Each structure stands twice: as C-alpha cells, then as structure tokens.
S.K.: 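The structure is given below, and queries will be raised subsequently.
These numbers were taken from a predicted model, which means no experiment stands behind them.
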Amino acid sequence: MSVVIETSIGDFVIDLYVDERPTCCKNFLKLCKIKYFNFCLFHNIQENYIAQTGDPTGTGRGGESIYNFVYGDQARYFEMERFPLIKHRKMGTVSMINNGSDLHGSQFLITLADNIDYLDGKHTVFGVVAKGFEVLEKLNEWICDKDGRPYQDIRIMHTVILDDPFEDFAALEHQNGRASPEPTEERIQSDRIRIDEEVDQLEGMSQEEIEKFMNQREAKTRAKLLEIIGDIPDADIKPPENVLFVCKLNPVTTDEDLELIFSRFGVINSCEVIRDKKTGDSLCYAFIEFDRQEDCENAYFKMDNVLIDDRRIHVDFSQSVAKVKWKGKGTGTGYFEDDRNFKDEMKREDSRHKFKFTDKSRRGQGYDLIFDEENRDSAKYEPITERGHHKQREHEFYKKRHEDKKKDRREKSRERNPSKDRYKERDYKKDRHKDSHRYRETDRRRSRDRDSKYCDRRK
C-alpha cells in the first residue's frame with residue numbers, strides 16, 4: 001500500500017505498514033483521499049533529524065484526524081498504536097506526531113538520518129519512504145532559520161493513492177475521489193519566500209557587482225573541480241599572500257639575481273627560478289616568498305613590467321598551493337621544506353606527536369614517554385615507591401648470590417675430580433687415532449661372531 005507525495009521540490013513514495021498500523025494508515029489514506037494535505041507547509045525542518053508537515057495552519061499546533069470529519073470534535077485525535085514496536089532505524093521513516101498526550105491527529109514527520117532512537121516509543125511509525133530520496137536530501141540541505149522554519153516555503157502540492165485496502169466512510173462519499181482543489185491566495189500566503197515566487201540573486205546589483213558575483217561563483221566551481229580530481233586538498237584552501245609569481249624571465253636570470261633585485265622591498269625567505277628536472281634549463285618563471293605581506297604588495301605594484309636582463313617581466317600574486325601544508329579545516333597552513341610532498345610532510349607531522357617508548361624494559365625502569373626526539377630527557381624515569389626499590393634490590397641480591405653459589409660448585413667439582421680438566425692437555429690427534437682403531441676391532445669381532453653363528457645354524 002503506497003502513496004505518492006508531490007511537493008514543490010520533487011516527489012517521493014511512501015510504503016505503509018497496513019498490517020502493523022491499521023488505524024494510522026487508515027487515517028493517513030483517508031486524509032489523502034479528501035485532499036487534506038494539499039498545500040500543507042513543511043513548517044519544521046531540522047538538519048539530519050526530521051522534516052515535519054501535515055498541519056494546514058502551518059504553525060505546528062493545528063491538524064485533525066479523519067475521524068473528526070466522521071464523528072465530530074470528540075474524535076479530533078486518536079490513540080497511539082504502541083505494538084508492535086517499530087523503531088526509527090533508517091532515513092525516510094514516516095511517523096505520526098504525538099501531540100503530547102499520546103494522541104495523533106494529521107501531522108506526521110519524516111526522518112532525515114539513520115538510527116534516531118530518541119523518537120522510538122514517542123511517535124508511531126506507520127510507513128517508510130521507498131522512492132525519492134533525492135527529495136529528502138534537498139529537505140536536509142534546505143536553508144532554515146534557528147527555529148527550523150524554511151526561508152523559502154516547501155509545500156505538499158498533491159497526493160496520489162496507489163492502493164487503498166480500507167473501506168470508505170459513508171459520511172465522506174461526496175469528498176472521496178474529487179479533483180485536487182486550486183490553491184487559494186489565503187492558503188499559500190506566507191511571510192517567507194512563496195513557492196510561486198522566483199528568486200533572482202542578481203536583483204538590485206550593479207553591473208560591477210554582478211560581474212564580481214559571477215566571477216566568484218565560477219572560481220568556486222573551478223576550485224571544487226580541482227578538489228575532485230585531487231590537485232588541491234580542499235576547495236576552500238587559499239594560496240599564500242606573501243608569495244609573488246614572476247614570469248617572462250630571461251633564461252640567463254638566476255635565483256641570486258632575482259633575490260638581489262627584489263630584496264630592496266624587504267626580507268626574502270626564498271627565491272626560486274623553476275627549472276626543467278632533466279636538463280636543468282630555466283622555464284622562465286619564478287616564485288619569491290617575502291617575510292611580510294606588505295613587502296610583497298609593494299613589490300607587486302612597483303616591479304610589474306620592469307626590464308631585467310633585456311626582458312620585461314610580469315609580476316602577480318601566486319595562486320599555487322603546491323607547497324602549502326594543509327592540516328584540515330580550521331587548523332592552519334604552512335610550507336613544505338625542501339622537496340617533500342604533502343603525504344611525506346603529514347607523516348612526519350604525525351610521527352612527531354606520537355608517544356614513544358625509549359626503553360622497552362619494565363623491570364625497575366618504567367616508561368619514558370616523549371613527544372619529540374629533540375625534547376628527550378637524558379635522565380631515565382625511576383620509580384619512587386618503596387616497593388619498586390625493594391623489588392629491584394631483592395632481584396640484584398639473589399642474582400649475585402646465585403652466581404656465587406654456581407662458581408663455588410664448579411671449583412669444588414674440579415678439586416674432587418681433576419680428570420675433568422684433562423681436555424686442556426689432551427692430544428686430540430692421538431686420541432682420535434686410538435678411538436678409530438678400537439672401533440675397527442669391535443667391528444671385526446662382531447663380524448666373526450655373526451659368521452660363526454651362521455655356520456652353526458647350517459650344520
């Protein structure tokens with residue numbers, strides 16, 4: 001059982017839990033059938049949380065159930081269906097809103113994130129969005145004020161019932177199946193941007209402001225493209241403001257020449273003429289980094305179109321971020337040293353702040369935790385507890401005692417049996433010859449005995 005909800009920003013389909021929530025589903029289907037939700041405002045949208053609608057007044061305090069049209073004001077609300085318990089596990093879960101007294105009317109909400117367990121048991125889940133998740137993403141990204149009210153209205157324009165298993169109320173036969181009413185001025189009136197109102201971002205701007213706005217938007221698009229293809233770490237990263245880009249150089253101009261010429265504006269941290277990696281020839285452009293931004297600006301205004309080595313150079317602010325060290329949004333930037341790339345620099349930065357164990361031995365020494373090799377303390381940490389000192393002294397005492405006893409036993413054994421040290425005066429070659437002769441005699445004796453036994457057996 002499904003219902004199509006057509007809104008001013010797109011359509012989505014809701015599958016209903018008819019078997020688990022018959023009362024809520026019947027109320028929702030019959031309200032859709034009499035076009036009750038047409039032009040209802042999404043009056044409360046909270047990012048990664050919920051989008052709330054179903055109130056014709058647009059205030060969040062109105063709405064009534066279908067039973068109010070059949071039985072009167074005493075049936076304006078109906079009781080919650082608590083069992084079986086269905087949780088708000090995934091994005092697009094649709095629930096009837098609790099009015100504070102465990103009663104429901106016409107207002108419902110749609111979750112905009114997964115696992116919102118805060119709503120479990122408080123609001124009755126009766127369906128889930130099956131198609132049109134791109135509309136939910138738009139709702140989640142919509143610009144709203146601090147109270148969750150959208151600055152530009154989003155309204156339900158039409159509802160289409162794909163299947164209705166419930167019988168119609170006899171009192172509502174004249175309203176069932178009627179065509180969707182035309183929107184009235186009172187119904188779509190709003191103090192915000194209306195759904196039929198076109199928003200022109202360029203309205204009221206001068207020609208210069210329009211040109212500036214278009215250039216900024218184009219620059220943002222290019223930066224986003226560079227981020228996607230991996231040329232820059234983030235689209236919001238900015239090039240350094242104290243670096244000049246100098247081009248149209250003479251191939252004979254060197255780093256020292258440029259540094260000498262530009263040093264009159266201030267202290268220069270680095271001056272590099274870019275060269276071919278294979279041949280070493282100049283590529284006729286360079287980067288000059290000043291210590292102060294003011295010095296960089298002075299050089300930009302005074303050195304453009306200046307003649308250097310019979311060439312008129314062009315000076316501009318650098319737009320390169322190749323040597324900018326990016327640590328993440330809001331954590332600042334720096335510069336790479338030498339020719340290290342971004343990944344090597346980040347590994348070096350991470351390893352500097354890791355805890356290290358300088359001594360793996362734990363017996364009587366403890367751990368020496370350091371942040372940096374340069375800040376290493378030469379004095380090792382020693383435990384100050386009496387128990388630690390006692391254990392260490394006891395271990396050293398028993399170790400020495402054991403070695404002394406072992407040495408005494410060895411000396412006494414040699415005194416009792418001096419032959420144990422005969423290997424010091426032994427002639428190994430002579431002894432080896434005697435051993436081999438003795439082994440041969442033993443083999444001959446065994447062979448004779450074997451032959452004699454064989455002969456006796458034959459007799």
S.K.: Side-chain contact, heavy-atom cut-off 4.5 Å: Val94 with Leu109?
M.R.: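 No, too far: nothing below the 4.5 Å cut-off.
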
S.K.: Is there side-chain contact between Arg264 and Met303, with at least one heavy-atom pair below 4.5 Å?
M.R.: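 In short, these two side chains touch, coming nearer than 4.5 Å.
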
S.K.: Taking only residues at least two apart or on different chains, which pairs with a member in residues 292-302 satisfy salt bridge (Lys or Arg N to Asp or Glu O under 4.0 Å)?
M.R.: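 Non-adjacent pairs meeting salt bridge (Lys or Arg N to Asp or Glu O under 4.0 Å): Arg292-Glu294, Arg292-Asp295.
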
S.K.: List the atom of Asn242, the atom of Cys296, and the distance in Å for their closest heavy-atom pair.
M.R.: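 Taking Asn242 first and Cys296 second, the nearest heavy atoms are C-SG, 3.6 Å.
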
S.K.: Let me confirm one number: the CD1-CD1 distance from Ile308 to Ile313, rounded to the nearest 0.5 Å.
M.R.: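 The distance works out to 3.5 Å.
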
S.K.: Quick one, Thr93 and Ile110 - any side-chain contact, counting heavy atoms below 4.5 Å?
M.R.: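 No - every pair of side-chain heavy atoms lies 4.5 Å or more apart.
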
S.K.: For the residue pair Gln319 and Pro239, what are the closest heavy atoms and their distance?
M.R.: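 It is OE1-CG, 3.7 Å.
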
S.K.: Could you pull out the closest heavy-atom pair between Phe39 and Met157, with the gap in Å?
M.R.: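 Minimum heavy-atom contact is CE2-CE, 3.9 Å.
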
S.K.: Taking CD1 in Ile143 as the centre, count heavy atoms belonging to other residues, nucleotides or ligands within less than 6.0 Å. Is the count above 12?
M.R.: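 No, CD1 of Ile143 has 12 or fewer neighbouring heavy atoms, counting only those of other groups under 6.0 Å.
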
S.K.: Would you say the side chain of Lys33 lies within less than 4.5 Å of the side chain of Ile161, judging by non-hydrogen atoms?
M.R.: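 Contact flag for Ile161/Lys33 side chains = yes.
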
S.K.: Atom CD in Gln107, atom OG in Ser65: separation rounded to 0.5 Å?
M.R.: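 Reported value, rounded in 0.5 Å steps: 12.5 Å.
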
S.K.: Rounded to the nearest 0.5 Å, what separation is found between the CG atom of Leu258 and the CD atom of Glu272?
M.R.: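 Rounded to the nearest 0.5 Å, the CG-CD separation comes out at 11.5 Å.
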
S.K.: Do the side chains of Phe126 and Val18 get nearer than 4.5 Å, heavy atoms only?
M.R.: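 Side-chain contact under 4.5 Å: no.
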
S.K.: Distance-only check: which donor-acceptor pairs under 3.5 Å involve side-chain atoms of residues 247-255, not counting sequence neighbours?
M.R.:
{"from": "Asn250", "atom 1": "OD1", "to": "Val252", "atom 2": "N", "distance (Å)": "3.2"}
{"from": "Asn250", "atom 1": "ND2", "to": "Asp309", "atom 2": "O", "distance (Å)": "2.6"}
{"from": "Thr253", "atom 1": "OG1", "to": "Asn250", "atom 2": "O", "distance (Å)": "3.3"}
{"from": "Thr253", "atom 1": "OG1", "to": "Asp309", "atom 2": "OD2", "distance (Å)": "2.6"}
{"from": "Thr254", "atom 1": "OG1", "to": "Glu256", "atom 2": "OE1", "distance (Å)": "3.4"}
{"from": "Thr254", "atom 1": "OG1", "to": "Asp257", "atom 2": "N", "distance (Å)": "3.4"}
{"from": "Thr254", "atom 1": "OG1", "to": "Asp257", "atom 2": "OD1", "distance (Å)": "3.4"}
{"from": "Thr254", "atom 1": "OG1", "to": "Asp257", "atom 2": "OD2", "distance (Å)": "3.0"}
{"from": "Asp255", "atom 1": "OD1", "to": "Val273", "atom 2": "N", "distance (Å)": "2.8"}

S.K.: Verify side chain to side chain contact (heavy atoms under 4.5 Å, CB included) between Ile86 and Arg21, making sure each step is shown before the conclusion.
M.R.: CA-CA 10 Å; Ile86 305 176; Arg21 298 287 188 265; 3.7 Å; yes

S.K.: Nearest heavy-atom pair of Thr59 and Gly62: which atoms, and what distance?
M.R.: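 Between these two residues, the closest heavy atoms are OG1-N, 4.1 Å.
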
S.K.: Going from OG1 on Thr124 to CG on Asn98, what distance comes out if it is rounded to the nearest 0.5 angstrom?
M.R.: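 Here the rounded value is 7.5 Å.
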
S.K.: Not counting sequence neighbours, which residues clear salt bridge (Lys or Arg N to Asp or Glu O under 4.0 Å) with Arg222? List them please.
M.R.: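 Applying salt bridge (Lys or Arg N to Asp or Glu O under 4.0 Å) to Arg222 gives Glu218.
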
S.K.: Restricting to side chain to side chain donor-acceptor pair (under 3.5 Å), what partner residues turn up for Asp120, sequence neighbours left out?
M.R.: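 Once residues adjacent in sequence are excluded, the partners of Asp120 under the side chain to side chain donor-acceptor pair (under 3.5 Å) criterion are His88.
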
S.K.: Is the shortest heavy-atom distance from the side chain of Thr111 to the side chain of Leu119 under 4.5 Å?
M.R.: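 In short, these two side chains touch, coming nearer than 4.5 Å.
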
S.K.: Taking it one step at a time, do Glu64 and Ser106 satisfy side-chain hydrogen bond (donor to acceptor under 3.5 Å, both in side chains)?
M.R.: CA-CA 5 Å; Glu64 52 195 358; Ser106 63; over 6 Å; no

S.K.: Using residues 42-50 as the side-chain source, report each donor-acceptor pair under 3.5 Å to any protein atom, sequence neighbours left out, with the distance given to one decimal.
M.R.:
{"from": "His43", "atom 1": "NE2", "to": "Gln52", "atom 2": "NE2", "distance (Å)": "3.3"}
{"from": "Asn44", "atom 1": "ND2", "to": "Gln52", "atom 2": "OE1", "distance (Å)": "3.3"}
{"from": "Asn48", "atom 1": "OD1", "to": "Asn140", "atom 2": "ND2", "distance (Å)": "2.9"}

S.K.: Are any non-hydrogen side-chain atoms of Val135 and Ile9 less than 4.5 angstrom apart?
M.R.: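 Yes. Closest side-chain heavy atoms under 4.5 Å.
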
S.K.: Got a sec, which residues hit ring-ring contact (aromatic ring centres under 6.0 Å, His included) with Tyr300, two or more places apart in sequence or on another chain?
M.R.: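 For Tyr300 the ring-ring contact (aromatic ring centres under 6.0 Å, His included) partners, ignoring immediate neighbours, are Phe317.
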
S.K.: Could you tell me whether Arg275 and Asp281 have a side-chain N and a carboxylate O separated by less than 4.0 Å?
M.R.: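 Between Asp281 and Arg275 there is no salt bridge, as every charged N stays at least 4.0 Å from the carboxylate O atoms.
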
S.K.: Can you name the residues that form a ring-ring contact (aromatic ring centres under 6.0 Å, His included) with Phe12, not counting sequence neighbours?
M.R.: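 Partners of Phe12 by the ring-ring contact (aromatic ring centres under 6.0 Å, His included) criterion come out as none, since no residue qualifies.
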
S.K.: Taking only residues at least two apart or on different chains, which pairs with a member in residues 80-103 satisfy salt bridge (Lys or Arg N to Asp or Glu O under 4.0 Å)?
M.R.: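 Pairs touching residues 80-103 that pass the test: Arg82-Asp102.
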
S.K.: Test Asn115 against Asp117 for side chain to side chain contact (heavy atoms under 4.5 Å, CB included), laying out the working first.
M.R.: CA-CA 6 Å; Asn115 298 321; Asp117 52 0; over 6 Å; no

S.K.: Counting N and O atoms only, with roles assigned by atom type, does the side chain of Trp142 sit under 3.5 Å from a partner on the main chain of Ile154, one being a donor and the other an acceptor?
M.R.: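 No, the answer is negative, given that no donor and acceptor are paired below the 3.5 Å cut-off.
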
S.K.: Heavy atoms only: give me the nearest Asp316-His314 pair and the separation to one decimal.
M.R.: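 Looking at all heavy atoms of both residues, the closest pair is CB-NE2, 4.1 Å.
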
S.K.: So, do Lys406 and Arg409 sit near enough that their side-chain heavy atoms are less than 4.5 Å apart?
M.R.: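 The answer is yes; the side chains approach within 4.5 Å.
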
S.K.: Is the backbone N or O of Val315 less than 3.5 Å from a side-chain atom of Asp304, with the two atoms forming a donor-acceptor pair by type?
M.R.: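 Flag set: sc Asp304 to bb Val315 pair under 3.5 Å.
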
S.K.: Can you list every pair that meets salt bridge (Lys or Arg N to Asp or Glu O under 4.0 Å) and has a residue in residues 131-157, with sequence neighbours left out?
M.R.: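 Every salt bridge (Lys or Arg N to Asp or Glu O under 4.0 Å) pair that includes a residue of residues 131-157, provided the two are not neighbours, is Asp145-Arg192, Arg149-Asp153, Arg149-Asp191, Asp153-Arg155.
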
S.K.: May I have the step-by-step check of side chain to side chain contact (heavy atoms under 4.5 Å, CB included) for Val3 and Leu29, ending in yes or no?
M.R.: CA-CA 8 Å; Val3 177; Leu29 285 171; 3.4 Å; yes

S.K.: Sort and list the pairs that fulfil ring-ring contact (aromatic ring centres under 6.0 Å, His included) and have at least one residue in residues 237-276, not counting sequence neighbours.
M.R.: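 Sorted pair list: Phe245-Tyr285, Phe245-Phe287.
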
S.K.: Atom CG of Leu136 and atom CG of Leu112: how far apart are they, to the nearest 0.5 Å?
M.R.: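 That separation rounds to 6.5 Å.
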
S.K.: So, taking the atom named OG in Ser8 and the one named CZ in Arg194, what distance separates them when rounded to the nearest 0.5 Å?
M.R.: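 The CZ atom of Arg194 is 12.5 Å from OG of Ser8, to the nearest 0.5 Å.
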
S.K.: Who pairs with Tyr151 by ring-ring contact (aromatic ring centres under 6.0 Å, His included), at least two apart in sequence or on another chain?
M.R.: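 Partners of Tyr151 under the ring-ring contact (aromatic ring centres under 6.0 Å, His included) test: none.
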
S.K.: State which residues pass ring-ring contact (aromatic ring centres under 6.0 Å, His included) with Phe108; sequence neighbours excluded, sorted by chain then number.
M.R.: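 Once residues adjacent in sequence are excluded, the partners of Phe108 under the ring-ring contact (aromatic ring centres under 6.0 Å, His included) criterion are Phe28, Phe37.
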
S.K.: What's the verdict on side chain to side chain contact (heavy atoms under 4.5 Å, CB included) for Asp11 and His158, showing C-alpha distance, side-chain angles and the deciding distance?
M.R.: CA-CA 9 Å; Asp11 308 338; His158 187 57; over 6 Å; no

S.K.: Which heavy atom in Leu85 sits nearest to a heavy atom in Gly121, and how many Å separate them?
M.R.: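 Nearest pair, atom of Leu85 first, then Gly121: CD1-N, 4.1 Å.
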
S.K.: Report the residue from Leu244, Ile268, Val243, Val267 that forms a side-chain contact (heavy atoms from CB on, under 4.5 Å) with Glu289.
M.R.: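 That would be Val243; it is the only one of Leu244, Ile268, Val243, Val267 passing the side-chain contact (heavy atoms from CB on, under 4.5 Å) with Glu289.
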
S.K.: Between the main-chain N or O of Ile97 and the side-chain N or O of His104, is there a donor-acceptor pair closer than 3.5 Å?
M.R.: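 A pair under 3.5 Å: yes.
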
